[in-house]
Amino acid sequence: MLSCPRVLLVPVSLSIVCVCALSSVSRGQASHAEQVQIKPPLLRTIDPPAPDATAADLEARAEQMRASKLYLDALDYYRAALTKEANSARLLNKIGITELMMQRYREARKSFDQAIKADRKFADAYNNRGVVFYEEQKYGPAIKDYRRAIAIDATSASFFSNLGAALFAKKQFEPAVLAYEHAVQLDPDVFERTSRGGVQAQLPSPGDRARYDFTVAKLYAKMGYAERSLEYLKKALEAGYKDFNNVYKDAEFAELRKDKRFVELMAAKPPAL
């Protein structure tokens, strides 16, 4: 017998909705200038996990599908790998990340709980569970988990960056700045990427984002990264940071104020978005 690939229909309620503005209609049709149309259900034709595949092969295939945003199929392959490598903290963590990307926060937290239970020293699982709490606006538990991750592995810039984001969300700005400063010391590019082993939190409100941009600009200026500092100053300007004039008073910007590019940026003053 020939094996048939699996075809998965995504329910209409999960399909992308597009709003169409029609500029013209054909003869005999009514005009609907503002109409909402549901896109056809998505079709996928991914073969189910092969029974004789190794755990490593299944995990590698799941990685490819997760990178392609085929999250449901990736979960199937991760879970199939888990049946061959029972109680693997690594696989449970990857399942949790995939569920987190799907915004299935309850399921993701459960997977990270299981990963931590399987390996109490698995820093990434604590960090990632912290991201779930952060996304649920439970900043206190998020901070506790980030600190647990840091206690296990203090070499991850992403952990400190996430801690800074949660402290920022709680308006604890001074400790947030210290966390961010530590993150930059570990990895000057930490704000330009997400963690490979985990998930990096994002700031929720425009006001916090503007202050974040200014804070990062100050950190880069303090460490002598003029170009990066100017980049984040521009972002803070565009975000309408209300205390932006502190750039002329803060000691961290003393050297940057001598830079010709700083003078040009201040002269141009891009409008707030």
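Note that the numbering runs from 1 along the sequence shown for the chain. Just the heavy atoms: all of them, side chains too, but no hydrogens, waters or symmetry mates, feed the values below.
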Quiz item: Do the charged groups of Asp189 and Arg228 touch, with an N to O distance under 4.0 Å?
Solution: yes
Quiz item: Counting heavy atoms not belonging to Lys84, are there more than 12 under 6.0 Å from its NZ?
Solution: yes
Quiz item: Are the side chains of Tyr220 and Leu230 in touch, meaning some heavy atoms are under 4.5 Å apart?
Solution: no
Self-check item: Shortest non-hydrogen contact between Ala108 and Leu100, atoms and distance
Solution: CB-N, 3.8 Å
Quiz item: Is it the case that Arg211 places NZ or CZ above or below the six-membered ring of Phe173, under 6.0 angstrom from the centre and within 45 degrees of the axis?
Solution: yes
Quiz item: Among the clusters formed by ILVMFWY side chains lying less than 4.5 Å apart, do Met101 and Phe133 turn up in the same one?
Solution: no
Self-check item: Electrostatic pair Asp213:Arg209 at N-O distance under 4.0 angstrom
Solution: yes
Quiz item: Got a donor-acceptor contact below 3.5 angstrom from the Asn128 side chain to the Asp124 backbone?
Solution: yes
Exercise. Search all heavy atoms of Phe253 against all heavy atoms of Ala221 and return the closest pair with its distance.
Key: CD2-CB, 3.7 Å
Exercise. State plainly whether the residues Asp259 and Arg261 are in salt-bridge range, i.e. N to O under 4.0 Å.
Key: yes
Quiz item: Which atoms form the tightest heavy-atom contact between Asp153 and Ala123, and what is the distance?
Solution: CB-CB, 4.1 Å
Quiz item: Between Tyr180 and Phe191, how do the two ring planes meet: parallel, tilted or perpendicular, split at 30° and 60°?
Solution: perpendicular
Exercise. Group every Ile, Leu, Val, Met, Phe, Trp and Tyr by side-chain heavy-atom contacts under 4.5 Å, then state whether Phe122 and Leu82 land in the same group.
Key: no
Self-check item: Under-4.0 Å salt bridge between Glu99 and Lys110
Solution: no
Quiz item: Hey, would you say the Tyr139 and Tyr134 ring centroids sit under 6.0 Å apart?
Solution: yes
Quiz item: Looking at Tyr146 versus Phe159, is the centre-to-centre ring distance below 6.0 Å?
Solution: no
Exercise. Taking atom CD of Glu174 as the centre, report whether more than 12 heavy atoms of other residues, nucleotides or ligands fall under 6.0 Å from it.
Key: no
Quiz item: For Asn162 and Asn127, does a side-chain donor sit closer than 3.5 Å to a side-chain acceptor?
Solution: yes
Quiz item: When clusters are formed by joining ILVMFWY residues with side-chain heavy atoms under 4.5 Å apart, either directly or through shared neighbours, do Ile143 and Ile152 land in the same one?
Solution: no
Self-check item: Nearest-0.5 Å distance, CD1 of residue Ile150 to OH of residue Tyr126
Solution: 13.5 Å
Exercise. Taking Arg104 for its side chain and Gly96 for its backbone only, find out whether a donor-acceptor pair lies under 3.5 Å.
Key: no
Quiz item: Considering all heavy atoms of both residues, which atom of Arg66 and which atom of Ala74 are nearest to each other, and what is their separation?
Solution: N-CB, 3.8 Å
Quiz item: Looking only at side chains, do Asp57 and Thr54 share a donor and an acceptor under 3.5 Å apart?
Solution: yes
Quiz prompt | Backbone N/O of Gln64 and side chain of Ser68: donor-acceptor pair under 3.5 Å | solution = yes
Exercise. Indicate if Tyr78 and Ile116 have the same hydrophobic cluster label, given that clusters are the connected sets of ILVMFWY residues with side-chain heavy-atom separations under 4.5 angstrom.
Key: no
Quiz item: Between Phe112 and Ala125, what is the shortest heavy-atom contact and its length?
Solution: CB-O, 4.0 Å
